[in-house]
Amino acid sequence: MLKQKKNTDKVGVIMGSQSDWDTMKMTVKVLDKLSVPYEVNIVSAHRTPERLYNYAKSAKNKNIKVIIAGAGGAAHLPGMIASLTHIPVFGVPILSKALSGMDSLLSIVQMPSGIPVGTLAIGDSGACNAGIMAAQILALNNKNIERKVKNYRLKQTKSVNEEPEI
């Protein structure tokens, strides 16, 4: 995990349970690749409500500028965090066995007016894109991160062939 200086702007990566790590590690890989400072915590909306409350209320004092919350099933974590802080929150629906993540997606995306949660795709793609979006937000005030995001996108563009390999 990335070492960071004190008082550095960072991303908070949270998930509802240990089983969500398989997806949320994609977020962390992107943040590492882009040299974006972050912290990772398990914060369950249903099983650790006091931890959730304390996390949301202390995030600003820890210089967290964006929160990425991965959750499956009922997926209340992103919305509950968003209701307790003014920090932007991205929700990553975790792929579930029961409904293939559709339950998570619908729970995260269907927020009441006034409590926004930026909702990403189900699973690994959503986790990856959440990391990139968080980096883009931090890049608004950090030239080093901005350069890394631009290079990441340029490398991605260059990796696409103009013609198929036959």
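Keep in mind that the numbers below use all heavy atoms, side chains included, and drop hydrogens, waters and symmetry copies. When a residue number appears, it is its place in the shown sequence, counting from 1.
Within 6.0 Å of atom CZ in Arg153, 12 or fewer heavy atoms from other residues, nucleotides or ligands are found, so the atom counts as exposed in its surroundings. By the 6.0 Å contact criterion, NZ on Lys62 is enclosed, its count of non-hydrogen atoms from other residues, nucleotides or ligands being greater than 12.
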Between Tyr55 and Ile64, does a side-chain contact (heavy atoms from CB on, under 4.5 Å) hold up when you go through it step by step?
CA-CA 10 Å; Tyr55 181 89; Ile64 293 174; 3.4 Å; yes
Start with the C-alpha gap between Glu50 and Asn54, add the side-chain angles, then the distance that decides, and say whether side-chain hydrogen bond (donor to acceptor under 3.5 Å, both in side chains) holds.
CA-CA 6 Å; Glu50 287 183 38; Asn54 291 334; 5.4 Å; no
Derivation and outcome, side-chain hydrogen bond (donor to acceptor under 3.5 Å, both in side chains), residues Arg147 and Asn144
CA-CA 5 Å; Arg147 181 179 47 78; Asn144 185 45; 2.4 Å; yes
Please lay out, stage by stage, how Leu138 and Lys10 fare under the test side-chain contact (heavy atoms from CB on, under 4.5 Å).
CA-CA 8 Å; Leu138 267 59; Lys10 62 185 168 184; 5.5 Å; no
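Looking only at side-chain heavy atoms (C-beta outward), Leu120 and Met133 come within less than 4.5 Å of each other. Two residues are said to be in side-chain contact when any heavy atoms from C-beta on lie closer than 4.5 Å; Trp21 and Gln18 meet this criterion. Leu52 has its side chain within reach of Leu84: a pair of non-hydrogen atoms, C-beta onward, lies under 4.5 Å apart. At a threshold of 4.5 Å between non-hydrogen side-chain atoms, the residues His76 and Ser107 count as touching. Taking 4.5 Å as the limit, every side-chain heavy atom of Glu39 sits out of range of all side-chain heavy atoms of Ile14.
For the pair Arg47 (side chain) and Gly16 (backbone), a donor-acceptor distance under 3.5 Å is present. Judged by distance alone, the side chain of Ser104 and the main-chain N or O of Gly73 form a donor-acceptor pair under 3.5 Å. Judged by distance alone, with hydrogens and angles left aside, the side-chain atoms of Asp103 form no donor-acceptor pair with the main-chain N or O of Leu99 at under 3.5 Å. Between the side chain of Thr85 and the backbone N or O of Ile87 there is at least one donor-acceptor pair closer than 3.5 Å. Asn142 contributes a side-chain N or O that, together with a main-chain N or O of Ile145, makes up a donor-acceptor pair within less than 3.5 Å. A side-chain donor-acceptor contact under 3.5 Å links Thr48 to the backbone of Ser44. In this structure, Asp20 contributes its side chain and Ser17 its backbone to a donor-acceptor pair below 3.5 Å. A donor-acceptor pair is defined here as one N or O able to donate and one able to accept, closer than 3.5 Å; such a pair exists between the side chain of Thr119 and the backbone of Val117.
Shown here for Val36 and Ala135, the closest heavy-atom pair between the two residues is CG2-CB, 3.8 Å. Shortest non-hydrogen contact noted between Pro37 and Ser35 is CD-O, 3.5 Å. Considering every non-hydrogen atom in both Thr23 and Ala127, the closest pair reads O-CB, 3.3 Å.
Taking CG of Leu77 as the reference point, atom CD1 of Ile67 lies at 9.0 Å (rounded to 0.5 Å). Between the CG atom of Asn151 and the NZ atom of Lys158 there is a distance of 9.0 Å, given to the nearest 0.5 Å. Atom NZ of Lys25 is separated from atom NZ of Lys29 by 5.5 Å, given to the nearest 0.5 angstrom.
Met80 and Val92 fall into different hydrophobic clusters, where Ile, Leu, Val, Met, Phe, Trp and Tyr side chains are chained together by heavy-atom contacts under 4.5 Å. Hydrophobic clustering of Ile, Leu, Val, Met, Phe, Trp and Tyr side chains at less than 4.5 Å, counting indirect connections, keeps Met24 apart from Val43. Grouping the Ile, Leu, Val, Met, Phe, Trp and Tyr side chains by contacts below 4.5 angstrom, directly or via other members, places Leu105 apart from Ile81. When hydrophobic clusters are built by joining Ile, Leu, Val, Met, Phe, Trp and Tyr residues whose side-chain heavy atoms come closer than 4.5 Å, directly or via intermediates, Met26 is not grouped with Ile94. Residues Val40 and Ile137 are members of one and the same hydrophobic cluster, defined by side-chain heavy-atom contacts under 4.5 angstrom among Ile, Leu, Val, Met, Phe, Trp and Tyr.
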